[in-house]
Amino acid sequence: MFSYQLKKERRKRTGFIILFFICLYIFINIVITYLVYPVCQNSLSMIPDVPEKSAVMVSPVVSNYSRGDIVLLKERKSFSKNFFKKQADIFIRFFTAQQISIFEKSDLPSTKPHLRRIVGIPGDTIYMRDYVLYIKPAGEKHFLTEFEIVENPYNVTFFVPPADWDTEIGVKGSFDEITLGYDEYFVLADNRKSSDDSRLWGAVKSEDIKAKVLMCYFPFKNFRLF
């Protein structure tokens with residue numbers, strides 16, 4: 001009788017532990033899917049503020065985008081996955097701290113979400129000279145540089161070409177005035193010399209933005225809030 005009761009208690013305790021971890025797994029995945037989750041920055045596109053091999057925390061809930069915000073853009077070319085593949089991918093990402101995806105094998109930048117900074121918002125008239133953006137907000141008469149107009153300062157990496165440099169090579173460092181329409185955001189990489197951004201594929205819409213970056217938390221020496 002004692003042995004039966006002990007086995008019954010053990011089975012009950014084991015079932016409770018399994019149920020607890022299932023609930024914990026579901027809760028954590030709800031949080032990292034809909035509230036906040038980590039993203040690894042594996043490129044030089046956002047140096048110096050977000051170094052290569054750093055980790056940032058992003059939130060898909062925050063949807064009020066301002067000039068100077070760093071956002072996570074959706075991949076421009078996506079792989080189609082059915083429900084079961086999506087769940088398996090979530091499971092693998094969860095237990096590998098978002099480091100591994102079993103379905104996204106391509107290294108092409110367009111097939112992965114990427115970080116970029118919002119530098120132009122709807123209604124802005126903008127132009128670029130020598131990799132510096134000049135902005136005239138809607139209703140204003142004068143242009144100011146991106147660094148004069150933004151509330152939270154940020155840093156960028158410039159490229160100073162030699163005098164005989166062919167300006168058609170690489171990403172453009174200058175372009176003429178354009179005015180952003182309704183729900184149009186102009187995004188740039190902080191590494192202005194060699195990253196693809198709105199200079200190549202035009203303004204993005206809010207539906208193209210996956211999440212907003214809240215902080216850089218790793219490596220710890222680079223910790224900062226955005």
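Bear in mind the structure is a predicted one, so any value in this text is a computation, not a measurement.
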According to salt bridge (charged side-chain N to carboxylate O under 4.0 Å, His left out), who are the partners of Asp49, at least two apart in sequence or on a separate chain?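 Applying salt bridge (charged side-chain N to carboxylate O under 4.0 Å, His left out) to Asp49 gives Arg117, Arg224.
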Any side-chain heavy atom of [X] within less than 4.5 Å of one from [Y]?
X      : Y      : answer
Asp190 : Ile47  : no
Leu133 : Thr145 : no
Pro113 : Val39  : no
Trp201 : Asp208 : no
Lys136 : Glu177 : no
Pro122 : Tyr185 : yes
Val71  : Ile118 : yes
Ser174 : Arg129 : yes

Reported [atom1]-to-[atom2] distance for the pair [X] and [Y], which is rounded to 0.5 angstrom:
X      : Y      : atom1 : atom2 : answer
Leu225 : Met57  : CG    : CE    : 11.5 Å
Arg67  : Glu146 : CZ    : CD    : 10.5 Å
Leu115 : Cys40  : CG    : SG    : 10.0 Å
Glu151 : Ser66  : CD    : OG    : 7.0 Å
Ile121 : Glu184 : CD1   : CD    : 12.5 Å
Lys210 : Glu75  : NZ    : CD    : 5.0 Å

Of all heavy-atom pairs between [X] and [Y], which one has the smallest distance, and what is that distance?
X      : Y      : value
Pro137 : Ile149 : CG-CD1, 3.2 Å
Tyr127 : Asp176 : CB-C, 3.8 Å
Val213 : Phe226 : CG1-CD1, 3.6 Å
Arg199 : Lys172 : NH1-O, 2.9 Å
Lys74  : Glu207 : NZ-O, 2.8 Å
Val36  : Leu214 : CG2-CD1, 4.3 Å

Check Arg116 with Asp196, please: is the shortest side-chain N to carboxylate O separation under 4.0 Å? yes
Please verify the inter-ring angle class for Tyr154 with Phe147; under 30° counts as parallel, over 60° as perpendicular, anything in between as tilted.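 Plane angle between 30° and 60°, so tilted.
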Classify the ring geometry between Phe220 and Phe218 as parallel (under 30°), tilted (30 to 60°) or perpendicular (over 60°).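 Judged by the thresholds at 30° and 60°, the geometry between Phe220 and Phe218 is perpendicular.
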Test log, rule side-chain contact (heavy atoms from CB on, under 4.5 Å), inputs Ile135 and Phe186: CA-CA 11 Å; Ile135 305 168; Phe186 201 86; over 6 Å; no
Would you kindly confirm whether [X] and [Y] end up in one hydrophobic cluster when ILVMFWY residues are joined by side chain heavy atoms under 4.5 Å apart?
X      : Y      : answer
Val150 : Leu188 : yes
Tyr182 : Val204 : no
Tyr37  : Tyr217 : yes
Leu19  : Phe16  : no
Tyr131 : Leu44  : no

Do Thr157 and Asn191 have side-chain N/O donor and acceptor atoms under 3.5 Å apart?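 No, because no side-chain N or O of Thr157 sits under 3.5 Å from a partner of the opposite role on Asn191.
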Distance-only polar pair, side chains of Glu52 and Ser54, donor-acceptor under 3.5 Å: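 No, no side-chain donor-acceptor contact under 3.5 Å.
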Could you tell me whether the side chain of Asn155 and the main chain of Pro48 form a donor-acceptor pair under 3.5 Å? no
Main chain of Pro219, side chain of Lys53: is a donor-acceptor contact present, judged purely on distance under 3.5 Å?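 Pair absent, no side-chain N/O of Lys53 close to backbone of Pro219.
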